[in-house]
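Remember, it's a predicted structure, so these values are computed and weren't measured experimentally.
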Amino acid sequence: MSLIITSIALALLLTLILALVSFWLPHMNSDSEKLSPYECGFDPLGSARLPFSLRFFLVAILFLLFDLEIALLLPLPWGDQLTAPFLTFVWATIVLSLLTLGLIYEWLQGGLEWAE
């Protein structure tokens, strides 16, 4: 028990020290040259802050969603060692079904189409 308390106290102390040091360190003053975009030594042509397409963000969010799904389903092979492996299979099937239905809905709504 004392190891846990010591670890928590050490983590809190380290957090406090780092927070205090960050306030004491000098803040860097940025000038206009440092804030300007750098394009291999040439003056930038146009704005460097172009907006992204909303469809790009939609596809990125869908990728993250299915990437997270894979991360959640990776431990499934060890699920057969549990006392109720059928329950693990049922929950995995429910998760996959919901994600598949969401993908079908996005597809039917045209959310995955790049060209309009």
Side-chain angles (χ1 to χ4, degrees):
M1 184 68 175
S2 67
L3 180 64
I4 294 174
I5 293 173
T6 305
S7 299
I8 292 173
L10 184 65
L12 289 174
L13 181 68
L14 184 62
T15 303
L16 183 65
I17 289 172
L18 289 175
L20 290 175
V21 166
S22 71
F23 284 115
W24 286 334
L25 288 177
H27 294 285
M28 302 297 289
N29 293 332
S30 299
D31 57 357
S32 63
E33 197 64 33
K34 286 185 180 180
L35 293 176
S36 67
Y38 179 72
E39 294 184 8
C40 300
F42 296 103
D43 290 330
L45 303 172
S47 175
R49 307 281 192 264
L50 296 176
F52 286 105
S53 171
L54 188 59
R55 298 213 183 253
F56 170 77
F57 288 115
L58 178 64
V59 171
I61 288 173
L62 285 173
F63 170 76
L64 288 175
L65 178 70
F66 284 101
D67 193 39
L68 178 65
E69 167 212 347
I70 295 301
L72 290 175
L73 293 177
L74 277 176
L76 276 182
W78 289 277
D80 62 349
Q81 298 173 2
L82 298 174
T83 56
F86 182 72
L87 186 61
T88 305
F89 175 73
V90 168
W91 281 111
T93 304
I94 290 171
V95 168
L96 285 173
S97 300
L98 285 174
L99 286 172
T100 304
L101 287 174
L103 180 64
I104 290 170
Y105 177 76
E106 281 293 326
W107 196 319
L108 292 177
Q109 293 296 319
L112 300 176
E113 300 291 329
W114 283 106
E116 294 184 26

Enquirer: Hey, any chance Leu76 and Leu87 share a hydrophobic cluster, counting ILVMFWY side chains that come within less than 4.5 Å of each other, even indirectly?
Expert: no
Enquirer: Picking from Val21, Leu20, Leu14, what satisfies side-chain contact (heavy atoms from CB on, under 4.5 Å) with Leu18?
Expert: Leu14
Enquirer: Counting only heavy atoms not in Phe89 (residues, nucleotides, ligands), do more than 12 fall under 6.0 Å from its CZ?
Expert: no
Enquirer: Are Leu99 and Trp91 connected in a single hydrophobic cluster, I mean Ile/Leu/Val/Met/Phe/Trp/Tyr linked by side-chain heavy atoms less than 4.5 Å apart?
Expert: no
Enquirer: To the nearest 0.5 Å, what is the distance between CG on Leu10 and CD1 on Ile5?
Expert: 13.5 Å
Enquirer: Hydrophobic cluster membership, with links at side-chain heavy-atom distances under 4.5 Å among I/L/V/M/F/W/Y: are Ile94 and Phe86 in one?
Expert: yes
Enquirer: Rounded to the nearest 0.5 Å, what's the gap from CG on Leu65 to CD on Glu106? Could you check?
Expert: 9.5 Å
Enquirer: Quick check for you: to the nearest 0.5 Å, what is the distance between Leu73 atom CG and Thr88 atom OG1?
Expert: 11.5 Å
Enquirer: Calculate, to the nearest 0.5 Å, the distance between atoms CG and CG belonging to Leu62 and Asp67 respectively.
Expert: 12.0 Å
Enquirer: Say you draw a straight line from CD1 of Ile17 to CG of Leu12; how long is it, rounded to the nearest 0.5 Å?
Expert: 11.0 Å
Enquirer: To the nearest 0.5 angstrom, please state how far the CG atom of Leu98 sits from the CG atom of Leu103.
Expert: 12.5 Å
